[in-house]
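These notes are about the structure you will find just below.
FYI, the numbering just counts along the sequence from 1.
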Amino acid sequence: MLKKSLFFIVVLLLSTTILHAQNNKFTLRGEIKGMTSGHLLFGYTDNNEQYVQKNVPVKNGKFQLEGMISEPTNMSLRLDSTVRYMDDPNLTDFWIEASDMQLEIVVGKFKEFKLSGSKTNEEEQELNRQQAPIREEMRPLTEAYKAEKDHEKAAAIRDQFEPYNERMDVITDEFIKTHPDSYLSPYLMRFRLMSLPVGQVENAYNH
């Protein structure tokens with residue numbers, strides 16, 4: 001019975017994703033403050049399911065990127081190839097769609113980007129805003145975890161994340177339940193499959 005239920009869930013995830021899957025062109029026009037020339041490094045999965053990286057030239061603080069995608073896709077943006085760590089202020093990511101989009105970024109503040117033209121990204125931003133107060137409460141623990149060099153002590157600090165993560169999971173589950181037609185919902189559900197009761201997963205897709 002459990003195997004049948006899990007199979008049902010996987011089919012739902014795949015069918016929801018397939019409904020969004022089409023070969024469509026996107027155009028991303030942007031403006032960056034604090035940089036007049038050079039290149040920006042973008043990464044995303046194209047319509048052939050290949051991960052591509054593109055060095056896009058910046059001219060007079062403006063840039064433009066075009067490509068083909070089959071579904072809403074998460075795109076990474078780095079100032080250059082030397083940027084590697086997720087907490088680097090010159091690295092961010094966002095959701096693109098087959099549409100005309102406008103991006104505004106500032107050197108040293110990539111995570112404060114402004115993107116218009118992507119409904120999926122707007123939905124993720126709203127989810128992030130709802131979870132932001134909890135992440136702010138976690139900040140002292142997060143900083144202590146990053147600073148701790150002893151592995152055992154770091155593990156003990158990490159264990160204290162759980163109550164905060166559970167509160168954010170509640171918000172995530174509510175988003176999935178109230179946004180059954182969003183591409184973001186099956187994406188988020190993939191990360192929740194192992195922790196949610198099977199009945200709760202099925203219920204989220206039956207409403």
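Both Phe94 and Met86 are assigned to one and the same hydrophobic cluster, defined by single-linkage of ILVMFWY side chains at heavy-atom distances under 4.5 Å.
Counted by atom type alone, Lys119 and Tyr183 present zero donor-acceptor pairs between their side chains at under 3.5 Å.
Under the 4.0 Å criterion applied to side-chain N and carboxylate O atoms, Glu143 and Lys146 are not assigned as salt-bridge partners.
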- Task: Please assess Phe63 against Ile105 for the test side chain to side chain contact (heavy atoms under 4.5 Å, CB included), listing each intermediate value before the final yes or no.
- Result: CA-CA 11 Å; Phe63 56 89; Ile105 51 176; 4.3 Å; yes
- Query: Checking side chain to side chain contact (heavy atoms under 4.5 Å, CB included) for the pair Glu49/Ser70: CA distance, chi angles, key distance, verdict?
  - Reply: CA-CA 8 Å; Glu49 297 302 316; Ser70 59; 3.5 Å; yes
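A donor-acceptor pair under 3.5 Å links the side-chain atoms of Asp80 to the main chain of Thr82, judged by distance alone. For the pair Lys111 (side chain) and Leu91 (backbone), a donor-acceptor distance under 3.5 Å is present. Panel note: side chain Glu124, backbone Leu184; no donor-acceptor pair is recorded below 3.5 Å. Side-chain atoms of Lys54 come within 3.5 Å of backbone N or O of Glu66 as a donor-acceptor pair.
In this structure, Glu71 and Thr45 have side chains that are not in contact, with every pair of non-hydrogen atoms separated by 4.5 Å or more. Proximity of Leu115 to Trp95: side-chain heavy atoms (C-beta onward) are nowhere separated by under 4.5 Å. Between Lys109 and Lys33, every side-chain heavy-atom pair lies at or beyond the 4.5 Å cut-off.
Of the candidates Gln130, Arg192, Gln131, Thr172 forms a side-chain hydrogen bond (donor to acceptor under 3.5 Å, both in side chains) with just one, namely Gln131.
Residues Gln125 and Phe113 approach most closely at NE2-CZ, 4.1 Å, considering heavy atoms.
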